[in-house]
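This structure is a prediction, so every number in the text was calculated from the model and none was measured. Labels below follow one simple rule: chain letters A, B, ... track the order of the sequence lines, proteins then strands, and each chain is numbered from 1.
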Protein chains: 2
Amino acid sequence: MAEYDESGAAAPVAPGRPPTIRDVAREAGVSKSLVSLVFNGGENVSEERRLRVLHAADRLGYRPNLVAQSLSSGRRDLVAIFVSNLHNPLFAEIVGAAKARLAEAGQRTIIVSAQVDDGSGSPVLDRDNLAVLRDLRPSGLITVGTIPEFAELADLTAVIPTVVASAIDATGDVTATIRSDDEAGIDLVVAHLAAQGVRRIAFVGGEGGTVSASRAAAFRSAVARRGIAGAVQSAVAPCSTDDSAESAMAIADADERAAARAWVEAADFTEEAASRAVRRLIAEDRVPDAIVTGNDLTAIGVITALEEAGIRVPEDCRVAGYDDTSLSAIPRISLTSVDPGNRRIGREAAAALLAAIADGTRLGEVLIPPSLVVRDSA
Amino acid sequence: MAEYDESGAAAPVAPGRPPTIRDVAREAGVSKSLVSLVFNGGENVSEERRLRVLHAADRLGYRPNLVAQSLSSGRRDLVAIFVSNLHNPLFAEIVGAAKARLAEAGQRTIIVSAQVDDGSGSPVLDRDNLAVLRDLRPSGLITVGTIPEFAELADLTAVIPTVVASAIDATGDVTATIRSDDEAGIDLVVAHLAAQGVRRIAFVGGEGGTVSASRAAAFRSAVARRGIAGAVQSAVAPCSTDDSAESAMAIADADERAAARAWVEAADFTEEAASRAVRRLIAEDRVPDAIVTGNDLTAIGVITALEEAGIRVPEDCRVAGYDDTSLSAIPRISLTSVDPGNRRIGREAAAALLAAIADGTRLGEVLIPPSLVVRDSA
DNA sequence: ATGAAAGCGCTAACAC
DNA sequence: GTGTTAGCGCTTTCAT
């Protein structure tokens, strides 16, 4: 059903369709090209014509069509931000900060979500959104959080500058990776706990992603560094891959477990997995003095399972999270957590991308120093 | 000029640029149009050619360029979902469900975020994203949650079918609005509270948006209906606008307040505002037996302020939320809340849009019946 | 300084 | 059935 088609003839202020460059040209009595020049900071355009064009555009309410611009010899001022996940407040902060920095530099940004909850459990890459992103031919790309099927972006990352924020780049061919210094963050937590005389510490996490694994590895070195590593810990020390947690459990027999003072209890980044891990600890009578987790959500799961068994937090067992999301600040939760400096991560990611676009700078991995926010849970 | 450019003779599998329809045509030894036909479910294409084209496309890794498609006489299978806010898990559920339904109908969807956190406090409309959305010329639009400056979408809503999910359309010119039946939801809460013998009930909210106002109004009628409305309530009964809460407080003098059994305590949809409202209640010694809120976040703010003053929840004061977000299920919070049926809202929104696209059906306002999830807080 | 003309990748009449 | 011819809205040589 056609809109107001034949609207030809006069067509002054508000036709059916948004005004095109052609309308503006006609209105101003100049050529298309001239209008284009004016809108692209054209140097040598007479002041008189420029004003004529600007006024005409204004009168018509003209705004250049991004899609057409993108098609016609790919625009160079559009940056796409591909966000893994709409749930996590963490990412919203990063995106906001990145976008602000990009805007300062005159880049337009489009934020596209990467994941879709296809109903069937685990979230999956949103290929439609990815297709649009790709076809828009942005001049740069920032991914925020772990993107499902990141490998499918390979053709993009090969061609346009890409910076990964708050995730660990597995492929290795991106321009830069900006993320929290997990090593330092976890060390902050372990130090805090150690200072309180805690002896037996477990890390719940390590599975379900590279970030999770990185934090588990950080935990291993932190406890080793402080000499609070037990038998189990040393057994797995040389191994820092994803499945070392499993090995740890496989290797350690019951006696060793009792003697161990620090270990990794396998769980992915979900609340449920964390609860399950803790119930396992409880069932096997291995509840430690403190539990360090890979993120805040996991910490919630830990607290839930603990309290459900009558184990008080922090009195009987301390708990710490990571990310310092809005959750942790809720008084009823009051979770001690590591603040990764999200806004800073966002700004640095934007800056890194800007540099890459400008002169091809490749920053590699940038670790942002985190800080510890101490609350009631530890 | 030009169909088969002499561009580089061979050029088989992976040139620099993504393959275009032209490449496929050459590879298959047919014309561009034929390729286009094949990719658009062309009826009358000989099986032989169709296969040739498909194989060629496959060999080259060809995928039609959305942007070009959109430009060339606006595609009719792209629906845009414009989400107000990346923070709220509520919206993620709605988006996921809507997208799934749309996919079933063969529509591609692009999810675009509507708000940016411009650093300076309150979130603002993301005009860049809106521009992209607009220029993509989607065949339909679903907005999720309250969009900042919704009026700026007027040119879009005038031309393409638009359905508003989980928000209240102020402009009135959208195809359909799908949202929770606030009247029923709040009534569920009030009934539950009344059944427990609660006499003095306050609603914290009413400001900061149409949804907030709608729920406050629902509260007023629910208490009136159950005859638990006090002097203040009847004083404001005829008035159901945003500022009636203010009037209530202005009208009621101290004596009346003491006698009142139900009233609205003004606050917007934020945690802080809710806390402030409760502190006001405490300071003026007007703490009720139960507090109903406009959403879960507000409820958290209420609980925080209450407990900070030593008032126990639910023993001294019951609290109920709205939206049944993941927050409320956290055991430490355990918030009684109204489940608006988010997935259902998403699906119905998608269905309404599909119908509108197909035959112009305009559903108007659709209210989804909510249910009450009783937890510890009430 | 300004306009004409040739595309970007694709679709859509309209011929053959 | 299949190819030709025009565009969609814009940018960009290349003349003038």
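Counting to the nearest Å, the P atom of D:dT12 and the CG atom of A:L71 are 12 Å from each other. Distance, B:K32 NZ to D:dC8 C1': 12 Å, rounded to whole Å. Atom CD in A:E27 sits about 17 Å away from atom P in D:dG9, given to the nearest Å. Residue B:R22 contributes atom CZ, which lies 14 Å from atom P of D:dT5 at whole-angstrom precision. What separates CG of B:N65 from C1' of C:dC8 is a distance of 9 Å, to the nearest Å. A straight line from CG of B:L66 to C1' of C:dT11 spans 14 Å, rounded to a whole angstrom. Between the C1' atom of D:dT11 and the CZ atom of A:F39 lies a distance of 14 Å, rounded to the nearest Å. What separates CD1 of A:I21 from C1' of C:dC8 is a distance of 15 Å, to the nearest Å.
Side chain of A:V45, nearest nucleotide from C:dT2, C:dG9, D:dC10: C:dT2. Taking only side-chain atoms of B:A68, from C-beta outward, the nucleotide of D:dG1, C:dG9, D:dT12 with the closest atom is C:dG9. Set against D:dT2, C:dG9, C:dG3, the side chain of A:S33 has C:dG3 as its closest nucleotide.
Once rounded to the nearest 0.5 Å, the distance linking CG of B:L141 with CZ of B:R134 reads 10.5 Å.
Judged by distance alone, the side chain of A:D135 and the main-chain N or O of A:V132 form no donor-acceptor pair under 3.5 Å. The backbone N or O of A:T162 sits less than 3.5 Å from a side-chain atom of A:T175, completing a donor-acceptor pair. In terms of modelled atom types and a separation under 3.5 Å, the side chain of A:N129 and the main chain of A:S113 share a donor-acceptor contact.
Pairs of Watson-Crick or G-U wobble type, with distances under 3.5 Å, assemble into runs of 3 or more in DNA chain D at these ranges: C:1-11 with D:6-16, C:13-16 with D:1-4.
Contact check, A:S31 against C:dG3: a side-chain N or O comes under 4.0 Å of OP1 or OP2. Phosphate contact (OP1/OP2 of D:dT11, side-chain N/O of A:Q69, threshold under 4.0 Å): present. Taking 4.0 angstrom as the limit, A:R49 places a side-chain polar atom (N or O) nearer than this to OP1 or OP2 of C:dT2. Taking 4.0 angstrom as the limit, B:S46 places none of its side-chain polar atoms (N or O) nearer than this to OP1 or OP2 of D:dG1.
Among residues two or more places apart in sequence or in another chain, the side chain to side chain contact (heavy atoms under 4.5 Å, CB included) test is passed with B:R52 by B:V30, B:E48, B:R49. Under the ring-ring contact (aromatic ring centres under 6.0 Å, His included) criterion, A:Y62 pairs with A:F39, not counting sequence neighbours. Partners of B:T361 by side-chain hydrogen bond (donor to acceptor under 3.5 Å, both in side chains), not counting sequence neighbours, listed by chain and number: B:D359.
Using a 4.0 Å heavy-atom distance criterion, A:V30 is classed as a sugar-phosphate-only contact. Among the atoms of the strands shown, base atoms are found under 4.0 Å from some heavy atom of A:S36.
Within the structure, every pair that satisfies the side chain to side chain donor-acceptor pair (under 3.5 Å) test and touches residues 96-105 of chain A, not counting sequence neighbours, is listed here: A:K99-A:T109, A:K99-B:D126, A:E104-A:R347.
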Which protein N or O atoms sit under 3.5 Å from an N or O of nucleotides 14-16 of chain C?
none

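Here the side chains of A:Q115 and A:V124 are not in contact, with every heavy-atom distance at 4.5 Å or above.
Between B:S70 and A:V67, the shortest heavy-atom contact is OG-CG1, 4.2 Å.
The residue among B:L34 and A:Y62 whose nearest nucleotide of DNA chain D is located toward the 5' end is B:L34.
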